[in-house]
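Some notes on the structure that comes next.
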Protein chains: 2
Amino acid sequence: MRPRARTTLADVARLAGVSAVTVSKVLNGKGHISPETQEKVQRAAALLGYVANTAARRLRGGATRILGMVVPELVSPYFAELARAAADAAGRCGYDLGLFTTSRDPQRERERIQSLLGGMADGLLLVVPVGASEFLSTLEQSQVPIVLINYFGGATHLPVVRGENYEGTVALLHHLLALGHRRIGFIGGAEHSGQAKERYRAYREVMRAAGLWDETLVQPGDFTRRKGLEGARALLGRPSPPTAIFAGSDLMAFGVMEAAQERGLQVPADISIAGFDDSPLASLVPPGLTTVAHPIADIAEAAVRLLLEAIEGKSVRDQLLEFPSRLVVRGSTAPPKTPLP
Amino acid sequence: MRPRARTTLADVARLAGVSAVTVSKVLNGKGHISPETQEKVQRAAALLGYVANTAARRLRGGATRILGMVVPELVSPYFAELARAAADAAGRCGYDLGLFTTSRDPQRERERIQSLLGGMADGLLLVVPVGASEFLSTLEQSQVPIVLINYFGGATHLPVVRGENYEGTVALLHHLLALGHRRIGFIGGAEHSGQAKERYRAYREVMRAAGLWDETLVQPGDFTRRKGLEGARALLGRPSPPTAIFAGSDLMAFGVMEAAQERGLQVPADISIAGFDDSPLASLVPPGLTTVAHPIADIAEAAVRLLLEAIEGKSVRDQLLEFPSRLVVRGSTAPPKTPLP
DNA sequence: TTTAGTTAGGTAAACGATAACCTAAACACA
DNA sequence: TGTGTTTAGGTTATCGTTTACCTAACTAAA
């Protein structure tokens, strides 16, 4: 005999001697059901270990109490923290968070999101790349509520929650300039990341304003340690290497530290290094990484709150919440060895 | 006018001038449909941007090509890596991975898993605590395929894929003993973790066999850096502190390093420190952490493979796959200062 | 020509939960 | 006593997809 199928409403109804609809009403607290019947039904449901079928509930248009979240990846501490914070916030409101990572293929990616859309989640938190604007107009028409996280791309009516990048970068660079640095190298972030673009924009403008702009001090990056290492090797191999390097993420900054070590450079005596994100490692790796703290918890919490509001039917159209970032100075930055010219 | 509802099979059918069933057949490559009709249907589906409704498909008993995965948390690099590897493996097989984190409340946890069960996933990868054995017998009866990851609890017929812990710990301790250490402190892992139990078991047996067992050298832990710090403070504050500390996870080992730093101890000159997991940080934090590498990629890949086999109908009952761990010696371990007595 | 098999596609039913509607009884009030 | 209102719970239909089954036409073999 094959394993019995999962308990359904009908099973509970049979055991309790009522109709399936009555069971549904009791379990959802709707309609008028006498206390005795409620009791009976509750008992039967507990006995059978009844749990509502998410697919059926969703199909009928009901809530699944699941929020979907799509992130590019999970290995970088940034997204791991973001996901954790969002899961916490959702949990506090009685929701579960289902996490999906972006697929490399954009076409496939869209199908996945569309599939998630009506699939099972009551709402979606999306960390999307900037290049998706025409896709976003499709999403805007969706009945499933959506909140974009850290979106810096083209105009959209979808609600956006993000952390600030520009001002944080400016503060960091002013810190380096105030220390006396004049040749400040930059290693960029991932190509399609709006945040990376913001950081680069700030770098360029600050350096231009200071009359220090030098395109050869800029290296491409992708937020990984490896790229930080490679970029730093290139920068440090120049005839007149920079006295400070600002990496677009902490992970890349750690790669820069490795490159410094390779060349026998002391941090911060021989070279100052700064990152972005304030990942948990930043305080751990000696001498402590100067970086910009991104308000991950605020972002996640606000995004969940906004999404729940949307699910409850409130209009969140065109809402934009931006949280400030904060300069965190640690041991990896100091005045350059050579005094100012 | 409110936003039009999502495109359904019926919409595509209307546009293509066929029945909904025919559309379904074309899109799933079943039944006998003429090339011309197929062409027509494909075109209509593409035009409308049709994507099947996951809930409906699942309800009907069809596949969603989604695997569910439940992990205790995401912030520790171990689970982040495990999830990434599983998502990769699933992706290569045309499946998506939906990730859920364990809720703190065990009762709620079970409901969640049950809910996921028939809810939407074609199969489930579960990282469960040891104390769940009676719950597992419920899961065994489920029609939805399940694979347990890193399970070391009571007997079950569910397939299990795990990394080896005992031998790896033995190898690590033999390494420390061979260096000349005699007082080796231990900081344990999370209470309900089967892996933590295995590591502790190995520690106890090796130390007993060497005639070095001393219960006061054991500190409780929970895999977090904070607990590593606290445990190490306690151990280093003893009249005769250990010359080496083995922490049940890399994260805790970093906490131990902090504690050493607090007391002005040099690693490895004054104290040897070892961890477990070989997290990405292990090679990064100077002087490099001696640790045991867990075969995360192998585990994830095998678990996904096994789950897909189960989904295809093969029997995986009672299967157990265990992958070996590997000692990784780095700079944090060296002979103790005081020569052997 | 008859029979059997194949091809193309349609119809009906089912998955499980729930919203909308309905019935019947009980109750209140004039 | 008659009329409206509330209460308790059942009936029906529906969400979108897929499986099982059916029909009709065409083809091939006997």
Side-chain angles (χ1 to χ4, degrees), chain A residues 4-14 16-42 44-45 48-66 114-120 122 143-144, chain B residues 4-42 44-45 48-66 114-122 143-144:
Chain A
R4 65 176 151 68
R6 224 183 119 166
T7 10
T8 73
L9 266 190
D11 298 327
V12 179
R14 208 171 306 123
V18 296
S19 79
V21 172
T22 303
V23 177
S24 170
K25 282 176 181 162
V26 170
L27 266 27
N28 293 298
K30 305 198 172 170
H32 307 272
I33 309 293
S34 73
E36 303 88 59
T37 307
Q38 294 204 17
E39 170 74 26
K40 247 191 327 189
V41 169
Q42 296 281 12
L48 296 176
Y50 172 76
V51 177
N53 182 316
T54 314
R57 178 174 281 175
R58 178 72 202 159
L59 180 57
R60 191 58 184 77
T64 58
R65 297 199 85 78
I66 293 178
Q114 299 243 22
S115 163
L116 286 173
L117 269 180
M120 52 192 192
D122 293 348
Q143 308 97 301
V144 177
Chain B
R4 64 178 153 67
R6 223 183 119 162
T7 339
T8 74
L9 267 190
D11 298 327
V12 179
R14 207 170 308 126
L15 183 59
V18 297
S19 78
V21 173
T22 302
V23 177
S24 171
K25 282 176 180 163
V26 170
L27 265 27
N28 293 299
K30 304 196 173 172
H32 307 272
I33 308 294
S34 72
E36 303 87 62
T37 306
Q38 295 204 17
E39 170 75 23
K40 248 191 324 189
V41 169
Q42 298 281 11
L48 296 176
Y50 171 76
V51 178
N53 181 316
T54 315
R57 176 175 283 176
R58 178 71 201 161
L59 180 57
R60 192 54 185 75
T64 59
R65 297 197 85 77
I66 294 178
Q114 298 241 23
S115 162
L116 285 174
L117 269 180
M120 53 193 192
D122 293 348
Q143 310 98 299
V144 177

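Note that these values count all heavy atoms, side chains included, but never hydrogens, waters or copies made by symmetry.
- Scanning both residues, Gln114(A) and Arg6(B), for their nearest heavy atoms gives O-NH1, 3.5 Å.
- Lys30(B) has its NZ atom 12 Å from the C1' atom of dA20(D), to the nearest Å.
- Here CZ of Arg14(A) is found 11.0 Å from OG1 of Thr7(A). Values are rounded to the nearest 0.5 Å.
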Tabulate atom names and distances for all N/O pairs under 3.5 angstrom spanning the protein and nucleotides 8-11 of chain C.
residue: dG9(C); atom: OP1; partner: Thr37(B); partner atom: OG1; Å: 2.6
residue: dG9(C); atom: OP2; partner: Ser34(B); partner atom: N; Å: 2.8
residue: dG9(C); atom: OP2; partner: Ser34(B); partner atom: OG; Å: 3.3
residue: dG9(C); atom: OP2; partner: Thr37(B); partner atom: OG1; Å: 3.3
residue: dG10(C); atom: OP1; partner: Ser19(B); partner atom: N; Å: 3.4
residue: dG10(C); atom: OP2; partner: Ser19(B); partner atom: N; Å: 3.1
residue: dG10(C); atom: OP2; partner: Ser19(B); partner atom: OG; Å: 2.8
residue: dG10(C); atom: OP2; partner: Thr22(B); partner atom: OG1; Å: 2.1
residue: dG10(C); atom: O6; partner: Lys25(B); partner atom: NZ; Å: 2.8

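- At a cut-off of 3.5 angstrom, the base of dT17(D) holds no donor-acceptor pair with the side chain of Arg57(B).
- To the nearest 0.5 angstrom, Glu39(A) atom CD is 9.0 Å from Glu36(A) atom CD.
- Place Gly61(B) and Asn28(A) on DNA chain C by their nearest nucleotides, and Gly61(B) ends up nearer the 5' end.
- When the P atom of dC15(C) is taken as reference, atom CG of Asn53(B) falls 18 Å away, rounded to whole Å.
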When you compare the protein's N or O atoms with those of nucleotides 23-26 of chain C, which come within less than 3.5 Å of each other, and at what distance?
none

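- Whole-Å rounding puts the Glu36(A) CD to dA8(D) P distance at 9 Å.
- For the residue pair Val18(A) and Lys40(A), the shortest heavy atom distance occurs at CG1-NZ, 4.4 Å.
- Taken from CG in Asn53(A) to CE in Met120(B), the straight-line distance is 11.0 Å, to the nearest 0.5 Å.
- For the pair Arg60(B) CZ and dA12(C) C1', the computed distance is 11 Å after rounding to whole Å.
- Taking OG of Ser115(A) as the start and CZ of Arg57(B) as the end, the distance is 8.0 Å to the nearest 0.5 Å.
- Separation of atoms CD1 (Ile33(A)) and CG (Leu27(A)) is listed at 11.0 Å; rounding is to 0.5 Å.
- No side-chain heavy atom of Thr22(A) sits less than 4.5 Å from a side-chain heavy atom of Lys25(A).
- If you measure from atom CE of Met120(A) to atom C1' of dG16(D), you get 16 Å, rounded to the nearest angstrom.
- Protein atom CZ of Arg58(B) is 11 Å distant from nucleotide atom P of dG16(C), rounded to whole Å.
- The nearest whole Å value for the distance from the CG atom in Leu9(B) to the C1' atom in dT19(D) is 13 Å.
- The separation between Leu59(B) atom CG and dC15(D) atom P is 13 Å, rounded to whole Å.
- When all heavy atoms of Thr54(B) and Thr64(B) are compared, the pair lying nearest together is CG2-CG2, 3.6 Å.
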